[in-house]
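Accompanying notes for the structure given below.
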Amino acid sequence: MNTFLEILESRLLAALTRAGIEQPAGFPVKVVAASDVRHGDYQANTAMALAKRLKMNPRELATQVIEALDVDDIAELEIAGPGFINFRIKPAAWSQKVGQMINDSRLGVGVVADPQNIVVDFSAPNVAKPMHVGHIRSTIIGDSLSRISRFLGHNVTTDNHIGDWGTQFGMVIYGWKNLIDIAAIEADPLQELLRLYRAVNLLCKEDEPIKDQCRDELVKLQNGDVENFAIWEKCVEVSKVGLNKIYDRLDVSFDHWLGESFYNKELEPLVKALETAGLARESDGALCVFSGEELPPKQDPFKEKRDGEWSDFPMIVRKGDGAFNYATTDIATVDYRLKQWNADKIWYVVDARQSLHFQQLFDVSKRLGCKADLEHVSFGTILGKDGKPLKTRDGDLPQLADVLDDAVKSARAVLEEKSGHLPELEKEELAKMIGLGSVKFTELSHHRSSDYIFDLEKMVALQGDTAPYLQYSFVRVCAIFRKLDEEISFDADGIQISDEGEINLARALTQFGEVLPTVLDGLKPNILSNYLLDLAKAFHSFFEACPVLKSEGEVRKSRLVLCELTGRVLQQGLGLLGIQVPERM
RNA sequence: GCUCCCUUAGCUCAGCUGGAUAGAGCAACGGAUUUCUAAUCCGUAGGUCACAGGUUCGAGUCCUGUAGGGAGUACCA
């Protein structure tokens, strides 16, 4: 089933041909949703742009176009302003489209013509430390982009590239050997690991010799020391259990958990190969990759301006002490993903502060022959109420688990107030759905590249542009069908869309298939979030203005179909954001 | 110093790759419930899109500059 957008675009293209109007190569012939419904439902601005290129009068050109334009079956046409071509969809066409949609399990969303193998790298917490609130962005954005890409027909592989081999293990092992509380590690391993990490971190800041000992423990681990390796394995094991608890609550899952340690064996040969290929050479005791000298210095991630001169800014792939770092692992990881998963695209859902690292990584990978499209899906920083970034190493960040608890608790309180009569068990489930939904929706309704202030009260606010507003729309749909005492067949027969409220809702519904694919244009889930808010608003207005059960005949049936579709689109759309819908609340 | 990002209503934010009179939510004010769940709806008010130039039929959006804020800047990830 084609969207109105697709239909109108192809008709427009045909009209240009028929009218003998030549388009310059690569000239976009586009129809877009009207900026204001007063002008219609769709608009084409091509005539104005085209007139400029062809040095014609735009209104005259628009007139020629609409004379050749055949859309009589679906829309009315007008030329407005300097040369806008406006389309107003006819009621019969709305009815027909809604009828098609009710018979379409994909709700009007097409499948991409050229499915890609997409690897999504997201979440990637460090082990031996519980996730804190800062991990929320990568986890939730990455999860929803994965779900959306999959639904659109791409072949998606999700990979949790956990930090299970970093420098922090020197400290953790030192702590394990010297400060461990056996009872605590059995009772709550993750909290005890965190305590150890914090304690040692503190000691290191004050005490140089302890810092050296930590480094020694790390070197021993990396050289295969049996005792340290066993401690490491234990740490990773209990950490994964803790991480999975959070992922279960968030309904997030991964196809793979290939962390840093997975690539250990590849690093030595990789670095050798880099040297042999002439890509890496020694500098100040470290082995470094330098610029490929193919870009102007300003765009070259391996150049930096110091004292007015462009000088080298290399990527270190082996440190002076012989150890490898995350750059090395990341290069190996790209290689693995290309070879094992035949990746066409790799998306790194990682904080914007690492953009320089990714520029270098992508450049090196290209030089190593990587043809895939590598993209840093960067996002802004979560700030404290003082407007400064929440630091990741100060140990004072709210833990993610606590934030989720608070969100659920706050949803529970509102539930008690508004729906105290519901059974205990159901209220508990609802509080989870609403609380976690709120946290996710807060994240996904912001533009990902902007910073935002972490404000729990706002996050779990249950009015306005929030998850509960959307969930409540679904509840209202369900309420109607609960009261409906006869069987209804959802088919296209006799659907009539005519009232303003019905048309507004039908318009919002049919836009689902037009909007969803555009999420992947900029990898921005907030486009879907905003769409769902628009849909919910249209539904609530419809709900107030158009009685469903009290209407009769074709009107009643049409309205029931609109309600059913609203429910399905809300459930599908929210599902793609990882948010569940309740039947009552 | 250099590179990149940000600045839109009192507050929090959208703005679909250059379109028509710049939109939501919160807060404020006024209305709607014998009617399918009022966690809702309808309305009022609120703007020099940081500032100054430029590009053109047309700029919140593109280019240049200025001011303010943030991030990054070789052995952390």
Side-chain angles (χ1 to χ4, degrees), chain A residues 32-36 38-39 43 45 48-49 51-52 58 80-84 86 124 126 163 166-168 260 283-288 298-299 301 303-308 310 312-321 323 325-327 329-330 350-357 359 378 380-381 383 387-389 392-393 414-415 417-419 434 445-447 449-453 455 458 461-466 468-469 471-473 475-484 514-515 518 521-522 524 526-527 529-531 533-534 537 540-541 543-545 547-550 563 584-585:
Chain A
V32 295
S35 56
D36 189 324
R38 280 171 297 188
H39 302 126
Q43 65 184 60
N45 308 330
M48 289 176 289
K52 189 198 234 167
F84 295 102
N86 291 333
N126 283 326
T167 323
Q168 79 268 28
E260 292 169 346
S283 169
D284 291 342
L287 191 72
C288 304
K298 200 175 165 179
Q299 286 150 36
K303 296 283 185 185
E304 185 192 31
K305 202 169 193 177
R306 269 193 304 259
D307 305 325
W310 288 104
D312 286 320
F313 177 72
M315 182 190 214
I316 293 175
V317 293
R318 193 180 61 212
K319 301 191 284 184
D321 64 4
N325 60 6
Y326 73 123
T329 316
D330 278 358
V350 180
D351 193 306
R353 285 176 287 189
Q354 292 189 38
S355 75
L356 186 54
H357 163 68
Q359 283 177 46
S378 68
T381 310
L383 307 172
K388 290 188 180 142
T392 48
R393 293 259 164 128
V414 177
L415 216 43
E417 183 195 320
K418 306 249 182 198
S419 311
I434 295 167
S445 57
H446 284 86
H447 186 114
S449 75
S450 55
D451 297 346
Y452 72 84
I453 292 173
D455 183 339
K458 277 216 175 105
L462 304 178
Q463 292 148 5
D465 285 350
T466 61
Y469 178 81
Q471 290 167 323
Y472 183 61
S473 326
V475 164
R476 284 181 127 181
V477 170
C478 292
I480 288 174
F481 286 109
R482 210 178 296 124
K483 288 262 165 89
L484 181 71
E514 299 171 353
V515 170
T518 68
D521 290 348
K524 295 191 305 185
N526 70 313
I527 289 180
S529 306
N530 292 336
Y531 162 76
L533 286 171
D534 287 342
K537 276 172 206 160
H540 283 303
S541 296
F543 187 92
E544 305 278 344
V548 178
L549 296 178
K550 290 210 165 145
C563 289
R584 53 179 185 171
M585 64 193 268

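Naming: A, B, ... by sequence-line order, numbering from 1 per chain. None of the values given here were measured: they were computed from a predicted structure.
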Inset, instruction - Fill in the dot-bracket string of RNA chain B, one character per base: . for unpaired, | for a pair to another strand, ( ) or [ ] for pairs within the strand, taking Watson-Crick or G-U pairs under 3.5 Å. - result: (((((((..((((.....[...)))).(((((.......))))).....(((((..]....))))))))))))....
Expressed in angstrom and rounded to an integer, what is the separation of [X] atom [atom1] from [N] atom [atom2]?
| X | N | atom1 | atom2 | answer |
| --- | --- | --- | --- | --- |
| Gln359(A) | rU73(B) | CD | P | 13 Å |
| Gln354(A) | rG72(B) | CD | P | 10 Å |
| His540(A) | rC36(B) | NE2 | P | 16 Å |
| Asp451(A) | rG70(B) | CG | P | 11 Å |
| Leu549(A) | rU35(B) | CG | P | 14 Å |
| Glu417(A) | rA39(B) | CD | P | 9 Å |
| Lys550(A) | rU37(B) | NZ | P | 11 Å |
| Lys524(A) | rA14(B) | NZ | C1' | 10 Å |

For [X], answer base if it contacts any base atom (sugar-phosphate contacts may also be present), sugar-phosphate if it contacts only those atoms, and nothing otherwise; contact means non-hydrogen atoms under 4.0 Å.
| X | value |
| --- | --- |
| Asn86(A) | base |
| Gln471(A) | nothing |
| Gly320(A) | base |
| Ala33(A) | nothing |
| Asn325(A) | sugar-phosphate |
| Ala49(A) | base |
| His357(A) | nothing |
| Met48(A) | base |

Inset, instruction - State whether the distance check finds a donor on one side and an acceptor on the other, under 3.5 Å, for side chain Glu260(A) versus base rA77(B). - result: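 A donor-acceptor contact between them is absent.
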Inset, instruction - Record whether the side chain of Ser283(A) comes under 3.5 Å of the base of rA74(B) through a donor-acceptor pair of N or O atoms. - result: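 Answer yes: a donor N or O sits under 3.5 Å from an acceptor.
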Checking the side chain of [X] only, and the main-chain atoms of [Y] only, is there a donor and an acceptor separated by less than 3.5 Å?
| X | Y | answer |
| --- | --- | --- |
| Asp312(A) | Pro314(A) | no |
| Gln43(A) | Phe84(A) | no |
| Glu514(A) | Ala33(A) | no |
| Asn325(A) | Ile316(A) | yes |
| Asp451(A) | Gly380(A) | no |

Legend entry - Pi stacking test for His39(A) and rA20(B): under 5.5 Å apart, planes under 30°: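 Yes, the aromatic ring of His39(A) stacks with the base.
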Inset, instruction - Measure from the ring centre of Phe84(A) to the centre of the six-membered ring in the base of rG19(B), then say whether that distance is under 5.5 Å and the planes meet at under 30°. - result: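 Not stacked: fails the 5.5 Å / 30° test.
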Inset, instruction - Please report the closest heavy-atom contact between Gly464(A) and Tyr469(A), naming both atoms and the distance. - result: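 The answer is O-CB, 3.2 Å.
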Inset, instruction - State, to 0.1 Å, how close Asn86(A) and Ala80(A) come at their nearest heavy-atom pair, and which atoms those are. - result: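 Result for this residue pair: ND2-CB, 3.6 Å.
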Look at the side chain of [X] and decide which nucleotide, out of [options], has an atom nearest to it.
| X | options | answer |
| --- | --- | --- |
| Tyr472(A) | rA39(B), rA71(B), rC4(B) | rA39(B) |
| Trp310(A) | rA71(B), rA77(B), rC2(B) | rC2(B) |
| Glu304(A) | rG1(B), rG70(B), rA39(B) | rG1(B) |
| Arg476(A) | rC36(B), rA38(B), rC4(B) | rA38(B) |
| Phe543(A) | rU73(B), rA20(B), rA38(B) | rA38(B) |
| Leu356(A) | rU73(B), rU40(B), rG19(B) | rU73(B) |
| Leu415(A) | rA39(B), rU73(B), rA20(B) | rA39(B) |
| Asn526(A) | rG19(B), rU3(B), rA14(B) | rA14(B) |

Legend entry - rU35(B) glycosidic torsion: syn (within 90° of 0) vs anti: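 rU35(B): anti.
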Whole-Å [atom1] distance, [N] and [M]:
| N | M | atom1 | result |
| --- | --- | --- | --- |
| rC49(B) | rG23(B) | P | 13 Å |
| rA67(B) | rC51(B) | P | 16 Å |
| rU48(B) | rA9(B) | C1' | 13 Å |
| rG54(B) | rG47(B) | P | 27 Å |
| rC63(B) | rC76(B) | C1' | 38 Å |
| rU21(B) | rG60(B) | P | 11 Å |
| rG25(B) | rA14(B) | P | 16 Å |
| rU33(B) | rG19(B) | P | 43 Å |

Inset, instruction - To the nearest 0.5 Å, tell me how far Leu356(A) CG sits from Glu304(A) CD. - result: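 With rounding to 0.5 Å, CG (Leu356(A)) is 8.5 Å from CD (Glu304(A)).
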If the cut-off is 4.0 Å, is [X] near the phosphate of [N], judged by side-chain N/O to OP1 or OP2?
| X | N | answer |
| --- | --- | --- |
| Ser35(A) | rA20(B) | yes |
| His447(A) | rG15(B) | yes |
| Ser378(A) | rC5(B) | no |
| Tyr326(A) | rA77(B) | no |
| Lys418(A) | rU40(B) | no |
| Lys52(A) | rG58(B) | no |

Legend entry - Of Ala34(A) and Ala352(A), the one whose closest RNA chain B nucleotide lies more 5':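 Result: Ala34(A).
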Legend entry - Toward the 5' end of RNA chain B, by each residue's nearest nucleotide, Tyr469(A) or Gly522(A):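 So the residue in question is Gly522(A).
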Legend entry - Evaluation steps, side chain to side chain contact (heavy atoms under 4.5 Å, CB included), between Cys478(A) and Arg584(A): CA-CA 7 Å; Cys478(A) 292; Arg584(A) 53 179 185 171; over 6 Å; no
Inset, instruction - Heavy atoms under 4.0 Å is the rule here; annotate nucleotides 22-29 of chain B 5' to 3' with B where the base is hit, S where only the sugar-phosphate is, and - elsewhere. - result: --SSS---
Legend entry - Pairwise side-chain contact, His357(A) with Val350(A), heavy-atom cut-off 4.5 Å (strictly under):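 Not in contact.
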